[in-house]
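Numbering of ligands and ligand atoms starts at 1, following listing order.
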Amino acid sequence: MTVLEEIIAGVREDLEARERALPLEQLKEQLEFATPALDVMSRLRSNPDLKIIAEVKRSSPSKGALAPIEDPASLAAAYERGGAAIISVLTEMRRFSGSLADLKAVRAAVSVPVLRKDFVVSEYQVWESRAWGADVVLLIVAALDDAQLAALLKLTESLGMTALVEAHTEAEIARAVAAGATLIGVNTRDLKTLDVDRAIFGSLVHAIPRGALAVAESGVRNAEDVADYAATGAELVLVGEALVTGGEPEANVRDFIAAGSAARQQATYESTPASLDGES
Ligand SMILES: O=C(O)c1ccccc1NCC(=O)[C@H](O)[C@H](O)COP(=O)(O)O
């Protein structure tokens, strides 16, 4: 079994227990009272800067324990003060020490969109994400077949949420596009081996259509890495470990945005015909 398959096996077991405790029909009733999800794509498209998705991440299969994060709401509030466009909350319990309670606490603490970062393999989890306050749901192409991906994306959007559809290869990006994804992530961590290769983003970004937004995920150690992703075409960068272990989360998010935005501007300038000609 790959790491991804092992994680998903555990996710399915935990999911069965939650479905027994709260069947889907009862869960749907809770949504009648939920506030609508935020319009994430409009917010993202209205801002030309490099945007940071800042993650609440206690532990991971690749690194083990990262940070205790006793108060995820305070961490998320610091990320928001630093300018994070989206707060990502890992809700998987066994390997990432996350929970739906973290998602709810973060939702209550910030006004920016909140991403439920988990291994979504069923419609129940999509309904659940909305019920616990998510605006964005992660859908991992490698974890789903084409029919599942299309159905989960459709359900996510029908509930007013946005799907961050994550790929790791050109073929997976093609599947994300075929399913109708408009927010497409390239995870530079191979979820089967856990190896990180940041250069993968630059080599695959051309496959993401212009109408979609490109997200570089994983492996950021510092502002320079954010700038490198931005220079090669990232509109958003998802950062976990560097923010939870780096201290000063607010200042670090701010620095990452500044470095990424400067690199984006430089890349745009260099690609305009006038600048190539040396004209002003
Ligand atoms: O982080 C892991 O080790 C991991 C292993 C298996 C599946 C998913 C995993 N991480 C999820 C993520 O995508 C990252 O948390 C996210 O991109 C941030 O990565 P990083 O900045 O490298 O912490």
Side-chain angles (χ1 to χ4, degrees), residues 1-12 50-67 69 72 75-76 79 82 84-99 102-103 106 114-121 136-144 163-169 172 176 183-201 204 214-230 234-247 249 252-253 255-257 259-260:
M1 260 207 232
T2 66
V3 180
L4 181 60
E5 286 165 345
E6 279 176 27
I7 294 171
I8 290 174
V11 164
R12 285 189 192 280
L50 182 282
K51 291 163 279 294
I52 291 292
I53 305 177
E55 189 152 279
V56 175
K57 183 177 188 180
R58 288 195 185 87
S59 62
S60 74
S62 56
K63 297 285 176 73
L66 293 170
I69 313 182
L75 177 61
Y79 287 158
I86 297 176
I87 312 296
S88 167
V89 183
L90 273 155
T91 55
E92 198 276 342
M93 288 177 277
R94 299 182 184 210
R95 303 296 202 95
F96 295 88
S97 314
S99 69
D102 287 348
L103 181 66
V106 168
V114 177
L115 161 67
R116 181 189 183 183
K117 193 98 176 337
D118 209 314
F119 299 82
V120 171
V121 289
V136 188
V137 175
L138 181 74
L139 299 177
I140 301 173
V141 174
L144 303 165
L164 168 57
V165 181
E166 176 180 303
H168 182 68
T169 63
E172 287 179 4
L183 185 60
I184 300 178
V186 174
N187 198 339
T188 62
R189 177 177 289 112
D190 183 337
L191 301 190
K192 296 178 175 121
T193 62
L194 303 188
D195 294 337
V196 174
D197 177 3
R198 279 177 296 282
I200 285 176
F201 178 79
L204 295 183
V215 186
E217 300 178 33
S218 301
V220 166
R221 299 160 299 178
N222 48 42
E224 204 179 334
D225 288 337
V226 174
D228 287 346
Y229 278 144
E235 279 143 317
L236 297 96
V237 177
L238 196 162
V239 188
E241 180 180 343
L243 288 174
V244 299
T245 61
N252 286 337
V253 169
D255 287 351
F256 289 179
I257 293 169

Atoms of ligand 1 under 4.0 Å from any heavy atom of Leu238, numbered from 1 in the order shown, are 16 (C), 17 (O), 18 (C)
If you take the nearest heavy atom of each of Lys63, Glu55, Arg221, Glu92, which one is closest to atom 14 (C) of ligand 1? Glu55
Say whether, by atom type as modelled, one donor and one acceptor occur between the side chain of Glu5 and the main chain of Met1 under 3.5 angstrom. no
What atoms of ligand 1 come closer than 4.0 angstrom to any heavy atom of Lys57? 1 (O), 14 (C), 15 (O), 18 (C), 19 (O), 20 (P), 23 (O)
Tell me, which protein residue and heavy-atom name are nearest atom 17 (O) of ligand 1, and how many Å apart are they? Ser218 OG, 2.6 Å
Taking only heavy atoms of Asn187 into account, list the atoms of ligand 1 that are under 4.0 Å away from them. 13 (O)
At under 4.0 Å between heavy atoms, is it the side chain or the backbone of Ile7 that contacts ligand 1, or both, or neither? side chain
Ligand 1 atoms in contact with Gly219 (distance to a heavy atom under 4.0 Å): 20 (P), 21 (O), 22 (O)
To the nearest 0.5 Å, what is the distance between CG (Leu115) and CD1 (Ile87)? 10.0 Å
If you count the atoms of ligand 1 from 1 in the order shown, which ones are under 4.0 Å from a heavy atom of Val239? 21 (O)
Tightest non-hydrogen contact, residues Val56 and Pro72, listed as CG1-CB, 4.0 Å
So which heavy atom in the protein is nearest atom 6 (C) of ligand 1, and how far is it from that ligand atom? Leu194 CD2, 3.6 Å
Find the distance between CD (Glu6) and CZ (Arg95) and round it off to the nearest 0.5 Å. 5.5 Å
Note: ligand 1 atoms sitting under 4.0 Å from heavy atoms of Glu241 are 20 (P), 21 (O), 23 (O)
So, 4.0 Å and heavy atoms of Ala242: is ligand 1 close enough to count as a contact? no
If we check salt bridge (Lys or Arg N to Asp or Glu O under 4.0 Å) with Asp102, which of these qualifies: Lys57, Arg116, Arg58? Arg58
Any N or O of Phe96 that comes nearer than 3.5 Å to an N or O of ligand 1? no
Taking every non-hydrogen atom, the tightest pair across Leu103 and Thr91: CB-CG2, 4.0 Å
Which segment of Val3 sits under 4.0 Å of ligand 1 when only heavy atoms are counted: neither
When the aromatic ring centroids of Tyr229 and Phe256 are compared, is their separation below 6.0 Å? no
Would you please say whether a donor-acceptor pair under 3.5 Å links the side chains of Asn187 and Ser218? yes
Can you tell me how far CD1 of Ile140 sits from CD1 of Ile7, rounded to the nearest 0.5 angstrom? 8.0 Å
Nearest non-hydrogen protein atom, atom 11 (C) of ligand 1: Lys117 NZ, 3.4 Å
Distance under 4.0 Å to a non-hydrogen atom of Ser62: what atoms of ligand 1 satisfy this? 1 (O), 2 (C), 3 (O)
Among all protein heavy atoms, pick out the one at the shortest distance from atom 21 (O) of ligand 1; state its residue, atom name and that distance to 0.1 Å. Gly240 N, 2.8 Å
Compare all side-chain heavy atoms of Leu50 with those of Val237 and state whether any distance is below 4.5 angstrom. yes
Evaluation steps, salt bridge (Lys or Arg N to Asp or Glu O under 4.0 Å), between Arg189 and Asp195: CA-CA 6 Å; Arg189 177 177 289 112; Asp195 294 337; over 6 Å; no
Shortest reach to atom 8 (C) of ligand 1 by a heavy atom, considering only Leu191, Val215, Val244: Leu191
